[in-house]
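Provided herewith is a single structure, encoded as structure tokens, for subsequent inquiry.
Chain letters run A, B, ... following the sequence lines, proteins first and then strands; every chain starts at 1.
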Amino acid sequence: MRATIEVNGLRKRFGSVVALDGMSFTVEPGRVTGFVGPNGAGKSTAMRVILGLDAADGGSALVGGRPYRSLLFPLRHVGALLDAGALQPSRSARNHLLWLAHSQGLTARRVDEVIELAGLRQVARRKAGGFSLGMRQRLGIAAALLGDPPVLILDEPFNGLDPEGIVWMREFLAELAGQGRAVLVSSHLMSELQDTAAHLVVVGRGRVIADTGVAELLATVSGDRVTLEEAYLALTRNAVEYRATGQEGAR
Amino acid sequence: MRRHLHAEWTKLRTVPGAGWLPFAVVALTVGGSAAAAATVTCPPAGCAYDVPRLSLIGVQLGQAVVAILAVVAISGEYGTGMIRTTLTAMPCRTAVLAAKALLLTGVTLAAGTVAVLGSVLAGRLLLPGNGFTPAHDHPLLSLADAPTLRAAAGSVLYLALIALFSLGVAVAVRDSATAIGVVLGVLYLSSITIYLVQDPDWQRLLYRVSPMNAGLTVQATTGLSTLPLSPWAGLGVLAAWAAAALLGGGLLLRRRDA
Amino acid sequence: MSTVTSYLSLLRAEWTKFRTVRGWVIAMAVAALVTVLLGLLSASGSHASCSKGAIEVPCPAPPLGPGGEAVSDKFYFVHQPLEGDGSITVRVTSMTGQIRLPDIEPGVRRVTAGVVPWAKAGVMVKDGLRQGSTYAALMVTGEHGVRMQHDYTHDTAGRPGGVSKESPRWLRLTRSGDTLTGYESADGERWTEVGTTHLAGLPATVRIGLFAASPCDLLVTRGDFGGSVGQCRFAEATAVFDQVSPQGEATGGSWSHDDVGVSTEPDGTPHHPGGFAESGGTFTVTGVGDIAPFVDGETVENTLTGVLAGLIVVIVVAVMFVTAEYRRGLIRTTLLAAPRRGRALVAKAVVIGAVAFVTGLAAAAVAVPLGTRILRANGNHLLPVSLLTEVRVVVGFAALLAVAAVFALALGALFRRGAAAVTTAVALLLLPYLLATASVLPLGVAQWLLRLTPAAGFAIQQSIPEYPHMTGHYAPQAGYYPLAPWAGLAVSGGYAALVLALAVFRLRRRDV
């Protein structure tokens with residue numbers, strides 16, 4: 001299966017709120033693609049549409065050329081981390097991965113492999129209800145990797161990780177991309193993305209504002225040596241939905 | 001205490017579904033009573049029905065909705081984790097529980113009064129058409145009649161006590177589905193165990209102890225001497241169950257981590 | 001093939017989901033436990049003893065008919081032997097009786113003249129006088145006209161109406177080998193056949209003659225705590241026969257008379273005896289008792305009354321099995337793993353249904369043997385039923401739990417809120433049953449509740465059928481349901497399937 005995500009003209013509204021307004025982009029294999037934008041820009045909605053959880057009003061989202069809902073063992077094609085807290089508190093981490101594995105026809109051996117990969121060996125048999133935020137993130141990554149998928153979609157993977165975890169994640173993502181997978185990472189940590197992502201999709205108000213390599217983005221925004229954060233803020237200034245008052249003066 | 005009440009009232013009236021649950025109490029109670037009044041007939045030879053009790057039979061349906069109302073008033077907080085916010089804002093846990101209890105009592109008394117009045121009205125309108133006429137020793141249902149008034153007022157109190165019992169169980173159990181299962185199980189199962197044993201002494205004991213049977217004795221207006229306990233004593237048994245549940249729940253609330 | 005594999009993987013995943021939450025597994029075990037405990041409690045509380053005068057003695061076991069069922073075989077028989085083929089013809093000119101009324105003053109007996117609907121008098125061919133032996137009888141009844149009955153459970157109708165001196169009834173019962181045929185006539189000339197039966201294994205020598213019997217008068221009143229209580233008071237029937245002509249070998253001699261099945265007081269005198277008088281070819285026979293199935297005993301399903309407690313626990317677990325996913329957003333992970341949403345929900349339903357079924361089987365496997373042992377130790381007699389019926393009761397009990405689990409799961413998926421789903425499931429499954437058995441609702445309403453609501457599934461537990469040719473307390477609280485066993489379970493299953501379909505529909509259409 002080609003490791004790509006193709007989003008074409010996605011449209012969706014929730015009542016009177018327009019969440020997606022003709023969003024189109026492609027995620028290619030072999031590199032980490034950052035998915036950034038202000039709060040409410042439609043990032044999470046786009047991810048949920050790609051994964052078949054929400055239905056779009058118009059447009060299409062294909063994974064490896066096929067819609068998600070048509071995949072027979074989907075976790076073998078796409079691994080996703082959307083909400084690390086989506087766990088049954090009374091179930092152990094290993095058992096959580098176990099039922100996921102069984103649903104894809106995978107074995108307990110694979111479960112132990114991803115537990116090892118995610119560094120959860122010490123806490124695997126503990127109840128998920130007692131996990132810290134960072135441990136839940138690692139569990140979510142483990143779940144995404146269970147099917148050894150060529151496509152990965154991660155929503156805020158750095159959230160809650162301690163510094164050691166952040167370094168691990170950064171290196172891990174680079175390694176996964178290096179293996180030829182298509183990795184889509186949504187994040188607000190611009191400093192991390194600057195080092196990790198090679199390509200960037202910037203969205204605002206349900207639309208794609210920029211779909212370029214990180215290097216080109218930094219080059220096109222004029223001025224002295226500029227960080228990704230500054231470039232991003234410049235790009236999305238007009239697309240921000242919520243802004244706390246008292247910050248206008250800082251601009 | 002005032003601010004506890006105010007906070008709990010704001011929480012209660014903004015929970016989705018809080019608006020229509022009291023209506024459901026009224027609808028099910030009146031509906032059940034009306035259905036019974038419309039289907040039970042008194043043959044010309046006469047019948048031995050306890051008419052006020054018959055017209056209040058819908059209370060047995062409405063009590064389930066009252067239990068739901070009480071359970072969601074507290075379980076929703078545990079389910080969403082909001083209990084931590086609540087207890088951080090109002091650290092005195094007993095006061096929080098007392099405020100919830102007071103509020104629930106008020107809401108249930110209000111809804112219950114409307115429900116019971118509606119049931120009595122339904123009985124008054126429908127029963128005479130089914131043979132329950134003064135000629136058969138069944139005068140028109142009227143609240144001016146002391147036993148009927150006692151049955152009606154007692155039923156309203158019954159509903160409030162069911163709410164308090166459910167609140168206590170829900171605080172102790174925390175999960176809404178389990179709490180409702182325990183409440184309905186205790187209520188309905190304790191009322192049928194009487195039919196499972198045949199020893200009359202055991203039956204009387206089980207009747208005296210069962211919250212639903214003892215509590216509904218307050219509705220009885222005929223054959224009072226044959227009942228194992230007097231109407232108000234029966235309501236007292238239910239009050240004891242509610243008090244025990246609230247006490248147990250309150251102790252657990254204070255001692256447990258949130 | 002891979003669609004099947006994917007579905008099997010979903011089933012395996014849902015089973016893993018269930019068994020890895022210890023609370024749910026323990027709760028199912030508790031469901032089995034409370035079912036067993038409640039059933040045993042009910043069995044311990046059921047005692048039966050009979051009094052012979054002032055002494056309490058264990059009740060005698062009822063005789064068994066040719067089909068193995070418990071029967072009542074008590075009547076007054078005026079008979080002769082018959083070798084091989086033959087017949088008997090009689091004319092019945094009157095049928096009267098007396099019924100005892102409830103005492104107004106304690107100890108003062110009141111009787112009134114009258115016959116109960118199923119009082120019987122007529123002619124019979126019977127294999128000896130042993131209670132429970134095979135027979136065929138052609139009779140007039142109190143209110144059901146001419147009937148032909150055989151082997152306690154079979155009944156055929158003849159012409160309706162009673163008998164009197166002005167309109168007597170002629171009855172003829174002929175035997176030819178194993179075959180018995182009954183004829184009736186209004187004038188003794190033109191005969192109409194009432195029915196034909198085969199009595200397997202009927203020996204060459206049988207007893208042929210006249211009989212009379214009257215079952216007790218059943219009155220159903222409301223119990224002290226609601227529900228209802230049946231009272232059966234003494235009644236007897238007296239019939240006058242003339243133009244009695246038995247035909248065949250070994251008949252034509254003197255008549256023997258026996259009060260079959262009569263019980264005796266401690267001092268040896270018969271209790272409620274029948275009687276017989278003959279004068280000039282006219283026979284007056286008086287009988288007390290009934291020739292019908294005996295249904296006044298404990299049944300195997302009485303050990304499973306704990307089903308009500310078990311159902312509540314199963315409902316709670318089934319609802320939690322699905323609402324737990326909604327509460328923490330785990331539903332999204334499930335739908336990522338199984339984007340064919342209908343299949344995911346059906347896999348959940350299959351798993352919880354199977355778990356509930358096994359739980360039910362385990363509970364019944366303990367409750368039935370232990371319960372019947374306790375019942376017998378308490379002096380009760382269990383009404384015998386065929387092995388197939390017992391298996392049906394046990395399997396049906398487990399199936400009822402499974403249907404309830406699927407129903408509750410579907411409601412949980414539909415409402416997405418635990419308390420509402422549990423209450424609705426309990427209200428639709430248990431409340432109609434409780435209202436029908438333990439409250440003031442009239443019988444008609446109670447039966448409609450048990451036909452139309454999901455509580456119809458309780459009918460699967462009925463082991464003793466309702467016999468139309470017997471007056472009985474055929475009400476839900478006595479264990480008689482309006483629908484046939486599997487039909488009742490099908491109604492419940494239909495509701496479960498309907499709600500599941502609605503839940504799948506809702507799941508497919510919504511964003512998650």
Would you give the length of the straight line joining atom CZ of Arg12(C) to atom CG of Leu106(A), rounded to the nearest 0.5 angstrom?
->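 Interatomic distance, Arg12(C) CZ to Leu106(A) CG, rounded to 0.5 Å: 10.0 Å.
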Is it the backbone or the side chain of Arg327(C) that comes under 4.5 Å from a heavy atom of chain A, or both, or neither?
->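 Contact with chain A involves no heavy atom of Arg327(C) at all.
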Tell me, for Arg341(C) versus chain A, whether the close heavy atoms (under 4.5 Å) come from the side chain, the backbone, both or neither.
->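 Only the side chain of Arg341(C) comes within 4.5 Å of chain A.
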Region of Arg48(A) that comes under 4.5 Å of a non-hydrogen atom in chain C |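 Just its side chain gets close to chain C.
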Of the listed residues (Arg76(A), Gln88(A), Gln104(A)), which shares the most heavy-atom pairs with chain C below a 4.5 Å separation?
->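 It is Gln88(A).
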Let me know if Trp24(C) has heavy atoms under 4.5 Å from chain A in its side chain, its backbone, both or neither.
->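 Contact with chain A involves the side chain of Trp24(C) alone.
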Over 12 non-hydrogen atoms of neighbours within 6.0 angstrom of CZ in Phe14(A) |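 Result for CZ/Phe14(A): enclosed.
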Would you check if Lys17(C) and His102(A) make a side-chain contact, meaning some heavy-atom pair closer than 4.5 Å?
->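 A side-chain contact is absent here, since even the closest heavy-atom pair is not under 4.5 Å.
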Look only at the side chain of Arg340(C) and the backbone of Arg69(A), and say whether a donor-acceptor pair between them is shorter than 3.5 Å.
->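 The answer is yes, because a donor-acceptor pair under 3.5 Å joins these two groups.
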Starting at CG of Leu72(A), measure out to OG1 of Thr5(C) and round the result to the nearest 0.5 Å.
->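 Here the interatomic distance stands at 7.5 Å.
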Most heavy-atom pairs under 4.5 angstrom with chain A, which of Ala337(C), Gly23(C), Gly329(C)?
->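 Option with the top pair count is Ala337(C).
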His96(A) and Leu330(C), any side-chain heavy atoms less than 4.5 Å apart |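 A side-chain contact exists here, since the closest heavy-atom pair is under 4.5 Å.
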Any chance you could measure Asn95(A), atom CG, to Arg22(C), atom CZ, to the nearest 0.5 Å?
->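 These two atoms lie 11.5 Å from each other.
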So what's closer than 4.5 Å to chain C heavy atoms on Leu53(A): side chain, backbone, both or neither?
->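 Looking at Leu53(A), backbone and side chain both touch chain C.
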In Å, rounded to the nearest 0.5 Å, how long is the span from OH of Tyr68(A) to CG of Leu335(C)?
->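 Answer for the OH-CG pair, Tyr68(A) versus Leu335(C), is 9.0 Å.
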Side chains of Thr16(C) and Arg91(A): closer than 4.5 Å at any heavy-atom pair?
->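 Of all side-chain heavy-atom pairs linking Arg91(A) with Thr16(C), none is under 4.5 Å.
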Does any heavy atom of chain C fall under 4.5 Å from the side chain of Phe73(A), the backbone, both, or neither of them?
->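 Looking at Phe73(A), just its side chain touches chain C.
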Nearest heavy atoms of Ser9(C) and Ser103(A), plus distance in Å |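 Closest approach of Ser9(C) to Ser103(A), heavy atoms only: CB-O, 3.4 Å.
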Hey, could you give me the CG/OG1 distance between Leu75(A) and Thr333(C), rounded to the nearest 0.5 Å?
->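 Reported value, rounded in 0.5 Å steps: 9.5 Å.
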